[in-house]
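Letters go in sequence order (proteins before strands), and every chain restarts at 1.
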Amino acid sequence: KAGVTQTPRYLIKTRGQQVTLSCSPISGHRSVSWYQQTPGQGLQFLFEYFSETQRNKGNFPGRFSGRQFSNSRSEMNVSTLELGDSALYLCASSLVGHRDDTQYFGPGTRLTVL
Amino acid sequence: GENVEQHPSTLSVQEGDSAVIKCTYSDSASNYFPWYKQELGKRPQLIIDIRSNVGEKKDQRIAVTLNKTAKHFSLHITETQPEDSAVYFCAASNSEGGSQGNLIFGKGTKLSVKP
């Protein structure tokens, strides 16, 4: 099976802009979670989607949003970008998103905000 | 909510030695504890995981132990090799989401294996 894929792999934006990142889960996986990875804060949970519904959300401002499509592909959007949003954004897929489901990560999107 | 502490933050060993990384968690309801290895510029890769109904799990040179009473779990790598050099993250499932879960990660341990 193909692994989790993310596009684009790299993005450079300026403050105030918005950005959309895409994640395609492993075939058959219906849950997609998003994480932000920074050197200072490590890996932090953003949100989780299952059957096109957000079921779980981390402690991030409303500028961070997401959605999931009927084929389980997911997108996340960050509006009004700030310098501190520069990070590696990782998505992970699992079968149904139970809390003991194994999560498999994509390669990430490296976002740089100037 | 769940909090995961990971130690040490850096670890340097000689090739062939063992390496041990320890994590503690705060939520007694957490029931799933994976370990990920992340090489520079690459995605986190699951190397081993353990669920709360077992105390130990082994896969070749890698083992994980879980002490639910003390709320800590450890990664053991034996006969380390230079290709084991990477950042290792522990994680614990967060029960606040109910049956759905997200992972709470430790800050990572940078392991260097010297030839």
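Heavy atoms closer than 4.5 Å to chain A are found nowhere in B:P34, neither backbone nor side chain. Residue contact with chain A, scored on non-hydrogen atoms closer than 4.5 Å, is absent for B:Q6. A:S94 does not touch chain B: none of its heavy atoms, backbone or side chain, sits under 4.5 Å away. With a 4.5 angstrom heavy-atom cutoff, A:L43 touches chain B via backbone and side-chain atoms both. No part of A:Q44 comes within reach of chain B, as not one of its non-hydrogen atoms sits under 4.5 angstrom from that chain. At a 4.5 Å heavy-atom cutoff, the contact between B:N31 and chain A is made by backbone and side-chain atoms alike.
In this structure, A:R55 satisfies the cation-pi test against A:F50, with its NZ or CZ atom closer than 6.0 Å to the six-membered ring centre and inside 45 degrees of the ring normal.
The six-membered or imidazole ring of A:F47 lies near that of A:Y49, with a centre-to-centre distance under 6.0 Å. Two rings, from B:Y25 and B:F33, have their centers less than 6.0 Å apart.
The distance from atom SG of B:C90 to atom OH of B:Y36, rounded to the nearest 0.5 Å, is 12.0 Å.
For the ring pair (Phe, Tyr, Trp, His ring centres under 6.0 Å) criterion with B:W35, the lone passing option out of B:F73, B:F105, B:F89 is B:F73.
Heavy-atom neighbours of B:E79 CD from other residues, nucleotides or ligands within 6.0 Å: at or below the threshold of 12.
By the 4.0 Å N-to-carboxylate-O rule, A:R73 lies close enough to A:E75 to be salt-bridged with it. Using a 4.0 Å cut-off between a side-chain N of Lys or Arg and a carboxylate O of Asp or Glu, B:R61 and B:D84 qualify as a salt bridge. In this structure, B:K107 does not pair ionically with B:E5, as no charged nitrogen and carboxylate oxygen lie closer than 4.0 Å.
Close approach to chain B, defined as a heavy atom under 4.5 Å from one of its heavy atoms, is seen in no residue of residues 7-15 of chain A.
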